[in-house]
Amino acid sequence: MSGATPPEVEVGLAAPEPGPRVEAPFGRRACPVIATESVGAYRLLAVEDHHGPAPLPGQFYMLAAADGWGGEAGERPYLGRAFSVCRSRGTRLEFLLERIGPGTDRLGRLSPGEQMLLVGPLGIGFSEPAAPSSTGVLLVAGGIGIAPIVTWAEALIASGAQPLTLAGFRSRAHTSAAQLLGGDVQIATDDGSQGHDGFVTELLEAELEHDDARAVYACGPPMMLEAVRAICARRAVQAQLALEEAMACGFGACFGCVVRTTTGYRRICVDGPIIDARDLDETWLER
């Protein structure tokens, strides 16, 4: 080690980041649920949004059920839950969810004809690589983080690109979500029940070992994203990460979703969720 003191990260809030975004209309709007579908261990929920603009790949919405959104009578309602758009078809929006808590359980029990309240689209979407990659694009998805990768893969394919998606899941029960993807897909499972036996980041390292002249886009749990950031940093590979974080408001008021970058803290909801991997401080996972 050189013994040099690493540069300090400013404690204050970084300036808002520019980036591709579509502004959300003011306030929550009620949208009818038009379809639900089981996708392995996940649930695909479709709503009809006649009054909002079409989202960009990577943007997200704050979702809530119009009825039964909270505890027992007299208790406070739940906060909205942040979900990336999985697919967008005109006025039809689709969201992929896993029922892991009271809020996602209520959303997962919505049925056609019920109303869902949403705010969005919010945040910054994915953008084209700063410099064209010579051999293509690598998409890396971890679990429920596959949602924004699906809509970005569709946009890339529509533009004539041929992305390769590396999708990692806990087990075979979760891999059904890969059927939502177009193009070439490689699967990894933590328990080895399907595809590569191991982490999806091992597939990423193998692909970059073969050819690192590619741009990387990733979404998944924080530890996976840190592994992607570190792998791409070692090889000087362009990477954009869709960060996942619990959010209370979705529009920058509560400061509950800040992340540490090389220039200060950014709010994931308004200065993300898409962030250039080079901008993240190496200690961004520390609280």
Side-chain angles (χ1 to χ4, degrees), residues 11-17 19 21-31 33 43 45 47 49 52-53 55-56 58-86 93 95-110 115-125 142-145 147-148 219-226 241-261 264-275 279-281 283-287:
V11 175
L13 187 67
E17 281 295 299
R21 71 172 83 222
V22 172
E23 298 291 346
F26 181 76
R28 295 195 300 182
R29 55 193 184 275
C31 297
V33 176
R43 193 81 175 156
L45 185 68
V47 301
D49 181 17
L56 298 175
Q59 288 193 291
F60 70 96
Y61 289 73
M62 299 297 292
L63 307 183
D67 297 311
W69 188 246
E72 300 298 327
E75 295 185 6
R76 293 182 178 181
Y78 303 141
L79 294 171
R81 299 297 194 265
F83 282 89
S84 297
V85 178
C86 182
L93 301 174
F95 302 95
L96 189 68
L97 62 89
E98 185 175 14
R99 295 164 64 172
I100 57 175
T104 51
D105 179 70
R106 177 65 187 102
L107 291 173
R109 289 187 286 106
L110 285 170
Q115 297 284 311
M116 187 169 71
L117 302 176
L118 58 79
V119 179
L122 301 169
I124 296 173
I144 199 70
C219 184
M223 290 299 293
M224 186 207 91
L225 292 181
E226 167 55 19
L241 309 180
L243 302 188
E244 295 184 337
E245 183 59 81
M247 298 180 188
C249 69
F251 47 81
C254 68
F255 289 78
C257 63
V258 293
V259 63
R260 201 173 195 182
T261 73
Y265 285 99
R266 292 187 196 169
R267 295 163 294 178
I268 293 175
C269 60
V270 293
D271 303 319
I274 311 305
I275 291 182
D279 292 343
L280 284 177
D281 184 77
T283 64
W284 71 279
L285 285 181
E286 300 176 9
R287 296 292 186 180

message = Side chains of T104 and F83, heavy atoms from C-beta outward: is any pair under 4.5 Å?
response =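 In short, these two side chains touch, coming nearer than 4.5 Å.
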
ask   = Within a strict 4.5 Å, meaning less than it, do heavy atoms of the L63 and L118 side chains meet?
value =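 L63 vs L118: side chains touch.
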
Quick one: does [X]'s side chain have a donor or acceptor within less than 3.5 Å of a partner on [Y]'s backbone?
X	Y	answer
E226	L285	no
R106	D67	yes
R266	G264	no
R267	G252	yes
R21	V270	yes

message = Applying side chain to side chain contact (heavy atoms under 4.5 Å, CB included) to Y78 and L107, what does each step give before you reach the verdict?
response = CA-CA 11 Å; Y78 303 141; L107 291 173; over 6 Å; no

task = Pick out which of I124, L122, I268 makes a side-chain contact (heavy atoms from CB on, under 4.5 Å) with F60.
result =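 Among the candidates, only L122 passes.
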
For the residue pair [X] and [Y], what are the closest heavy atoms and their distance?
X	Y	answer
G108	L97	CA-CD1, 3.8 Å
R29	G52	NH2-CA, 3.6 Å
W69	L79	CZ2-O, 3.2 Å
I274	G125	CG1-C, 3.5 Å
M116	A64	CG-O, 3.1 Å
G27	V119	O-CG2, 4.2 Å

query = Would you say R28 has more than 12 foreign heavy atoms packed within less than 6.0 Å of its CZ?
reply =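 No - once you tally the heavy atoms of other residues, nucleotides and ligands closer than 6.0 Å, there are 12 at most.
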
What's the spacing between [X] [atom1] and [Y] [atom2] if we round to 0.5 Å?
X	Y	atom1	atom2	answer
C86	L93	SG	CG	11.0 Å
L225	W284	CG	CH2	5.0 Å
M62	C249	CE	SG	7.0 Å

task = Please lay out, stage by stage, how V47 and V33 fare under the test side chain to side chain contact (heavy atoms under 4.5 Å, CB included).
result = CA-CA 4 Å; V47 301; V33 176; 4.2 Å; yes

Trace of the side chain to side chain contact (heavy atoms under 4.5 Å, CB included) decision for V85 with F95 = CA-CA 6 Å; V85 178; F95 302 95; 4.1 Å; yes

Full working for side chain to side chain contact (heavy atoms under 4.5 Å, CB included) between E245 and L243 = CA-CA 7 Å; E245 183 59 81; L243 302 188; 6.0 Å; no

